[in-house]
Each structure stands twice: as structure tokens, then as C-alpha cells.
> 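To start, I am sharing the structure in question, which I have written as C-alpha cells.
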Amino acid sequence: MRTLMKGNDAVSEAAIRAGCRFFSGYPITPQSEIVEYMSWRLDEVGGSFVQSESELSGISMIYGAAACGLRTMGSSSGPGFDLIQEGIGYIVSAELPTLLVDVVRYGNGLGEIVPAQSDYWQVVKNGAHGDYHCLVFAPASVQEAVDLVSHAYDKSEEYLNPAILYYDGAIGQMMEPIVLPEMKEHDPNQFAWSIKGRGGEPQKQVTSKCYYEYTTPESYVENLRTKYAAIEKNEQMWESYLTEDADLIIVAYGIMSRTCKEAINVARKQGLKVGMIRPITLYPYPVNAFASLPDNLKGVVSVEMSALGQMVEDVRLAVNGRKPVYNYATGKMIPDTEEFISYVKNVLEGKEESV
Amino acid sequence: MKKLVIYKNRCKACGFCIDQCPKDALSFGEEFNDSGYAAVVSDENLCIKCGTCYRVCPDSVFELIEE
Amino acid sequence: MAKNLVTPKLISEFNRFCPGCGHGLIAKMIAQVLEERGVEDDAIQVYAVGCSCFISTVIKADSIQAQHGRAPAVASGVRRARPDAVVYTYQGDGDAAAIGLSESLYAAYRNENTTAIFVNNGVFGMTGGQMAPTTLEGQKTATSIYGRNTELTGQPFKLAELIAQMPVAYVERCSLANAKLIAQTKRAIGKAFDNQLAGKGYSFVEILSPCPTNWHMDPVKAYKKLEEVVAEEYKLGVLKDSKEDSK
């Protein structure tokens, strides 16, 4: 049965149905709806909600509840997501699962409340110190966001690593008809590591595992390398659209991928052979999508709503010098189809500079 | 009949028990323990088994056990 | 007469604290209190950084190490995730009164049904004895080498008094200065845990403790200083005792 729901509300309900029973967060546009939704919904399913005094305190509470084996969620945007970084560092170090939602707003510092994709570096290249990655999922629709919630929880628990659901304010605010999953029960006691009081067993600890599990430098390094190598090998997700015969491949994710798809369809009608790779995971970056590129391909264009272009670096790495890569960074603007097609034409005519 | 047990290898020779003992029964010993501290010793003749040393020791050096 | 006086089972045989440090004493008393109430298997300790971080190696209860200052917030998450556990926090000066002041106050503000142990030794011990919010006026530390200037840096911080302004169950300040005061400290810790077991809400125990290493004095003198100098500034006693049950 399809129901019309706003992105932020749908993600919240999807988390509840995946078994999330603890949320702590703080209002900030454009994700306050998540905090509001959880404030009444968690009580209905026997979970706990705390509007924390800051995001810093909120992520700390999430850390505590996650250590006890619960499915937990946090969410924020921009400067609030900055405060969450300290907690991410500790959660990652303790090897715990959690789901964090980043609903992206534009601009450095306080910024503006309009949608953007300018926090790619923060979620993919990290905000906390140290050798780690978060799993990063970038849905392009409300339905995909709903579907990725459950997937993110499963992967987060499989790899004992935090997962970030990263989408822009437009997806957070838009309403689309969706199908919600069935309610699933989650048992916090299923994990050998979950803290509940030692109950006659030897002491269990949650802290940086280098203090009690990976106690030699070699084992610590080995664990990190093995974990992230497995994620990079097994968890890449993407969608390819009309790439087999493309003269130009667009790389775009989230809301940008939807406008690009429309523009590509228009371009194809004009005889321009344009295709698209749409990353769904940003970490691990779907390098396998770039494994075979058509011989006739003239270039790859990374399209993002940021000022500098952030994902373009990873596109360059994935293309690895085989074809020129172009940076179409639009700031906070969603590109106009006409402008975009004229840019595509320029690239094909060799009039644009590659990065 | 209570007996004072001293786990001398736990002792760090901080001296607090010596200071707090109401009967001045405790003192630094002649020998060093495994950590290199002059672990505390008790004079049986002065000790009244009050348990003060047990209560003030940060390192659980003392036990007072029924023999 | 009374039963045997033995090392609590929860306590490790060895600890890394300096000779004369108060942490070992406080740890032992917490362990005794938990074992006397038969709740050592239900206990979850949430600690942070600084010398307090060794608490998990000394008290062998299930433990979670929080980020610096965030133990009360982490404990709030644990409190909700594990309604049947006995949850307590263990923090020093920097953790509870500097970087973590907001988290300390908000846990009290929400009247969390947890127990907070705050070890006040007037310095940041682990990092080499820098000035803490609780450092006394004129006290020389690694970041106040001529003595603390309270005009520039503020007065010695009275966290217990602040917490007592909140709608909490219990606040007491104790000291480890001598055997009698140590016994009172143990009673306060016991009361703080009894309150949690009865669902009465937040209990906060501030314990004046010596840091012989960073006070640059031998342990016996450090304990004397607690009695003669520190207690002049930090008044001992019960600051709040709410007799009503809190929800």
C-alpha cells in the first residue's frame, strides 16, 4: 500500500520499522522533522527519545545506547553535524553500529537552509581524526531513502561500523508516494558485545579496541585494513543509465541525479549520446562502475551542488587517467536543463577544461 | 581470633596507613616488594585489628580475616 | 564480631594509580557498595578520560569509555537502553567541570536515575598537573606556574553547589582526608546508589581526593592538605537530600 510521505518523516518511520528504539537529536533545518517525528513515535513502540541539549550530547547518548546493542539513530545538518564528529570517532573506534542521517544544507559555517551536496568531504573523507570510514549511502528518492535505512542498519551491524544516510534538504522535504516496510523487531541481546551488566560473566568493555582487543600494533592495523578492504570489495552500490554507448558519462548522486537524468533524456532526443553513473554508496565509492568505459567515451563529468566540487576528486581516482574528467559544480543551484545541455555540448566540442 | 593479612606486593609505600593507624603499629618494612617499594609491615604486639588500615588503603593491601 | 574485611571481588589486584592517589580508595568503596547490595552483576560504569580512565582496569564491572566530558550523556543513553542496570559515571575535574560541564548539568537537569561520582583533586592529573576549574587560588600548577590568579581565571569551581540547584535526589561533598571522613565518603556513595535502586533520581557525590604527584608532595602530606587547605574552600556535607520519590 502506497502512502504519501515527506522524506524526513519517511526515513524516521523506516528507522522505527527497522527496529530503531533510541534517538537523540537537536533541531536544525532542514532535518528538524526527524527530531519531531521521533519525539512522539518512539514512545508508541516502547523506545526512548531525548531532545539533547546539543548534538554533542546527543551523539554521546547514541553511543551509550548503541553500546548496549540497541538500534539507534541520530540526525543533523551542517554545523550540527560538525558536533557529531567527535562521537563518530568514538563509535567507530569502539566498533559499534549506528545510523546517522545528514540532511545537507548549503554553505560553510552557519550557511543557508537551502539544499546542497557540499558535505561530501565531511561524510566520506571524515570529520573525526583517525584511520576510518563511515559507510555512506546517498538515496535519490524518498523510497530509496526508506529502503536504504534497513540496508544501512544491517551493514552497520555486519561491519560494526557507523553508517551515514546522506541526502540533501530537497529529498528531506519532498513528499513522494512510498511503500513502507513491515515492522521488524530487533534484539539488543543478540550481540556478544552488548553491554547490560556482566551478569556473572567476565567484564565486557566498550572503548577503543586497541586497549583490550587489538592490543598489538599489528593486530590493530590488520583489523582496520581487513574491515575496510571487505567493505570496498563487497558493498559498492550504483546505478548505470545509458552508459554502454555514451560519448559522455555524467556522474551524479541524490537530487542532482534526478535532474541530470531528465537532462540526459532531453539530450538523447537531440542526438547527444550521454549516460550517467549514479553512485548510491559514496563510501565505498563505486569504482567498479567505472571498470569498463566505452571506447568512444570522450569524457566524464562530475555534477554536484557544491561550490568547489568534492566528489569530482573520487571520480578522477575512479577514472584513473583513462579519460578527461570535468567538474560541473553548481554551488547551491539545481542546474537548468538548457544550461546543462549547452555545457555538455561544449565538453563534447573540446571547449571546456578538464580537471 | 582475627588475623591481619598483608599483600605486600600490592603496597606502594604511600604511608597513609602508617599515618592513620591509631596504635602506630605499621611501618615501612626493610625489604622491597616486586615493584620496588618498601612495603608496609605490622607489629603484632601493637596491632589491635581495628581495620583502619583496611579502610584507608587505596591499594587493598590489607585484609582482616577470622582465623 | 563482624565479618571478614576482604578485598572486594570486583577490584583488580593491581592498579596503575600513583602511590597515595585517592582513585584506588574510591574504587574500592564503590565496589564494596555494589557488592553489599548484590548488584555488581547489574552495574555499568561509564567513565571518560584522565586518570579516571583507569577505573575500568580496577573495577571489573561492565564499562563504557565516553569521550572526554561526555560520560553523563553516554550514561543517559545507557540508562534508557538498559532500564534494569545500575548505571554510574566516574569522572575527574576536567571531565565533569570543564569540557563536560554542560553534560553534567543536563544529566542533573533531567534528574537521570543514575549515580555520579566526581573526583575533585584540583588539577588535571593525567596530562601533567595543569590548572583545573577546581584549582585553589594561588595554587601552582603546570598552567599557573606563579599560582592561580582568580581575577583572570575565575574562582574555584563549585560543581556540587551547581548540581544542587537542579531537581535532583541527592548531592554530598566528601573527603578522603582521614579514616573518619573516608567512612563518611563510603556512606555517601552507599546513599547515592541506594537512591538509584529506589528510583529516586540523580545522586551526585563530589569527593575531595589528593594528587600527590601533581601537588608535588608526599602522600601523607597530600591527605593533610585535603583536610587543612582544600576543605576550607570546598565545604563538606550534604548539599541536597530530596526525600520525595522522583519519576
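As the structure is a prediction and not an experimental result, all values here were calculated from the model. No hydrogens, no waters, no symmetry mates; every other heavy atom, side chains included, goes into these values. Residue numbers start from 1 in every chain, and the chains themselves are labelled A, B, ... in the order their sequence lines are given, proteins ahead of strands.
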> Step through the shown structure and confirm whether more than 12 heavy atoms of other residues, nucleotides or ligands are within 6.0 Å of NZ on B:K3.
no

> Could you look at C:D218 and say if it's the side chain, the backbone, both or neither that has a heavy atom under 4.5 Å from chain B?
neither

> With a 4.5 Å heavy-atom cut-off (strictly below), which parts of residues 117-134 of chain C touch chain B? List them by number.
none

> Is the count of non-hydrogen atoms from other residues, nucleotides or ligands lying under 6.0 Å from B:K49 atom NZ greater than 12?
yes

> Can you spot which of C:T7, C:N4, C:L5 makes a side chain to side chain contact (heavy atoms under 4.5 Å, CB included) with B:E63?
C:T7

> Heavy atom to heavy atom, less than 4.5 Å: which residues from residues 20-31 of chain C reach chain B?
C:G20, C:C21, C:G24, C:L25, C:K28

> Heavy atom to heavy atom, less than 4.5 Å: which residues from residues 30-42 of chain B reach chain C?
B:Y37

> Could you please state which residues from residues 4-24 of chain B sit under 4.5 angstrom from chain C, measuring non-hydrogen atom to non-hydrogen atom, sorted by number, or 'none'?
B:N9, B:R10, B:K12, B:C14, B:G15, B:F16, B:D19, B:Q20

> Using non-hydrogen atoms and a 4.5 Å limit, figure out which bit of C:K186 sits close to chain B: side chain, backbone, both or neither.
neither

